[in-house]
Amino acid sequence: MLQIQTIRDNQEDIILALGKRNIDAQPLIEKVLQLDENRRAAQTSLDNILAESNKISKEIGVLYKTGKAQEANSLKEQTVKLKEESKQLSEDLNTAEEELQTLLYQLPNAPHTSVKKGSTEEDNEEIFSEGEIPKLIEGALPHWELAKKYDIIDFELGVKIAGAGFPVYKGKGARLQRALIAYFLDKNTEAGYTEIQVPHLVNELSGYGTGQLPDKEGQMYHVTADDLYLIPTAEVPVTNIFRDVIVNESDFPISYTGYTPCFRREAGSYGAHVRGLNRLHQFDKVEIVRVEHPSKSYDALDGMVDHVKNILGELKLPYRILRLCGGDLGFTAALTFDFEVFSTAQDRWLEISSVSNFETYQANRLKLRFKDENGKNQLAHTLNGSSLALPRVLAGILENYQTTDGIKIPDVLVPYCGFDMIN
RNA sequence: GGAGAAAUGGCAGAGUGGUCGAAUGCGGCAGUCUUGAAAACUGUUGAGGGUCACACCUCCGGGGGUUCGAAUCCCUCUUUCUCCGCCA
């Protein structure tokens, strides 16, 4: 959520920045400022009445103590009117606050200056690429065919047990999954991230904290009996560790990594593009999360990008990095770099990591602050990224590493797998 | 699941209707002393709103109520602890 103070101070800049998302924020911002003014006006009137009535109450207390009950009783009558007024005003205040809140929840984060205006993924800018796109063998297969051929992933079985989008990994397929998780976690902890295990279900407040609610309500599985949500990403539980927390400036940099399954309803996705591992309701992901000083957050973002590059380099997968345009940028992000692996047999790029800086957008909702050198509380910056999302990395490995003898395991994974070939 | 107890500032812990935003201790910060450190001593130290700055307002787990006045009384929800039951 954008800070009201920031909106007040930088109205024009914010409207301009939000324009990169192709939204005309002008009317919304004007309404926000109007509501904010109403809110403050109601607050001031209410405060004055409460101050008055506090004063009278204290006088009554003194009068009773000195035995002047009669005078006290006449003062009491004065408070009746004040009470009525304060009741009305506090209702007004609540209404104004709620309206303002609702409105602020509708405003996405203001994109970073480097973000280009654009409407779809077509407008994303490629800023880096690495790795040779391999020349595949004759009769190369897409990963879902390979999965069947070597009996390592069973999509139909998943349908029987749960439904489409819930694959069952078998034998070497299951082992390769486990190897990838362990490998990613090891790489992340080597880079200084603290490994952490978190709940896979979260409450409503956590959903609001990181911005999945109310924006993406329909994308999460909701356990209504207990009013809990299955996490769509580890970002939610991990970042919410810092909800209502004031950290010390000396605690920076804060960096966590965690593996979790992720659950997404993916309402509205159909067709060939969601075949196989391309889009699932349940998938595994290793996430990295950082909490940073505002002056260091973009350095941190670069560091995270380099870290993911390093992993993909080790896996020897051809990939590219895109800077998302305004239209493709997530609701809560100020700047996002997407990593895409080339899925050779499908002849398309698959998103495998998304690394973002949220600046103070999440921190404002979370009330995640730090004490600066002047002893003032300031909002921190939050960042996160996938390091990495499993199924599409798996798809990339299966397709790019297929040979006539089977699927070769990337060297770095062999120690984790205990085998070097799936055949 | 059953029975009981509790929830106060970073932590511990007092406060049961009237200057209580809250004693005290620990911790943190600043200073004195010291070559430096420790110890000791002195001061300072919650959050939010509001203001140019003050004033002022709100917050003692959440929500609601009683009262001129609530951390203190009532209702309700949540959480934690103890005992019993069940159980990976």
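Here is the naming used below: chain letters follow the sequence lines, and residue numbers restart at 1 for every chain.
- Between B/U51 and B/C57, the two P atoms lie 16 Å apart (nearest whole Å).
- B/G10 and B/C83 have their P atoms separated by 30 Å, with the value rounded to a whole Å.
- Rounded to whole Å, atom C1' of B/U78 lies 13 Å from atom CG of A/Leu228.
- Look at the P atom in both B/U58 and B/G62: the space between them is 16 Å, to the nearest Å.
- B/U19 and B/U78 have their P atoms separated by 34 Å, with the value rounded to a whole Å.
- The CG atom of A/Asp92 sits 21 Å away from the P atom of B/G49 (whole-angstrom rounding).
- A salt bridge (charged side-chain N to carboxylate O under 4.0 Å, His left out) check over residues 361-372 of chain A, counting only residues at least two apart or in different chains, returns nothing.
- In this entry the distance linking CD of A/Glu97 with P of B/G50 reads 10 Å, nearest Å.
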Exercise. Going 5' to 3' through nucleotides 54-70 of chain B, assign each nucleotide B (protein heavy atom under 4.0 Å from a base atom), S (under 4.0 Å only from sugar-phosphate atoms) or - (no protein heavy atom that close).
Key: --SSS---------BS-

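- A/Gln3 places its CD atom 15 Å from the C1' atom of B/G49, with the value rounded to the nearest Å.
- Going from the C1' atom of B/C26 to that of B/A14 covers 15 Å, rounded to whole Å.
- Look at A/Arg369 and you won't find any side-chain N or O under 4.0 angstrom from OP1 or OP2 of B/A47.
- The aromatic rings of A/Phe370 and A/Phe252 sit perpendicular, their planes meeting at an angle over 60°, well past the 30° parallel limit.
- If you take CG of A/Leu379 and C1' of B/A47, they are 13 Å apart, rounded to a whole angstrom.
- For A/Asn188 and A/Ser387, the side-chain atoms include at least one donor-acceptor pair closer than 3.5 Å.
- Atom C1' of B/G31 sits at a distance of 16 Å from the matching atom of B/A39, rounded to the whole Å.
- Taking the side chain as every heavy atom from C-beta outward, A/His200 and A/Leu230 never approach each other to under 4.5 Å.
- Side chain to side chain, A/Tyr150 and A/Asn423 fail the donor-acceptor criterion of an N or O pair below 3.5 Å.
- A/Tyr193 and A/Glu287 are not linked by any side-chain donor-acceptor pair at a separation below 3.5 angstrom, with hydrogens and angles left out of the test.
- Remark: the A/Gln362 side chain and the A/Thr382 side chain contain an N/O donor-acceptor pair separated by less than 3.5 Å.
- To the nearest angstrom, P of B/G49 lies 11 Å from CG of A/Asp36.
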Exercise. Verify side-chain contact (heavy atoms from CB on, under 4.5 Å) between A/Asp123 and A/Thr120, making sure each step is shown before the conclusion.
Key: CA-CA 6 Å; A/Asp123 301 320; A/Thr120 66; 4.1 Å; yes

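- Comparing B/U51, B/G49, B/G46 by their closest approach to the side chain of A/Lys371 singles out B/G46.
- On the C1' atoms, B/G21 is 9 Å away from B/G46, given to the nearest whole Å.
- If you check the side chains of A/Asn48 and A/Glu52, you find no donor sitting under 3.5 Å from an acceptor.
- Rounded to a whole Å, the CG atom of A/Asp227 is 12 Å from the P atom of B/U78.
- Mapping A/Asn377 and A/Arg40 onto RNA chain B by nearest heavy atom places A/Asn377 at the nucleotide closer to the 5' end.
- If you measure from atom CG of A/Leu63 to atom P of B/U19, you get 15 Å, rounded to the nearest angstrom.
- Checked against the 6.0 Å centroid threshold, A/Tyr298 and A/His112 count as a close aromatic pair.
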Practice problem: Report the C-alpha separation of A/Glu314 and A/Lys187 in whole Å, then their side-chain angles, then the decisive distance to 0.1 Å, and conclude whether the salt bridge (charged side-chain N to carboxylate O under 4.0 Å, His left out) test is met. | Solution: CA-CA 10 Å; A/Glu314 278 196 8; A/Lys187 290 299 289 181; 2.7 Å; yes

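- Consecutive Watson-Crick or G-U pairs involving RNA chain B, each under 3.5 Å on both distances, make up stems of three or more pairs at B:1-7 with B:78-84, B:10-12 with B:24-26, B:27-32 with B:40-45, B:46-49 with B:56-59, B:61-65 with B:73-77.
- Between A/Arg39 and B/G49 there is no side-chain polar atom (N or O) within less than 4.0 angstrom of OP1 or OP2.
- The residue among A/Gln5 and A/Val62 whose nearest nucleotide of RNA chain B lies closer to the 5′ end is A/Val62.
- B/A12 and B/U44 are spaced 25 Å apart, taking the P atom of each and rounding to whole Å.
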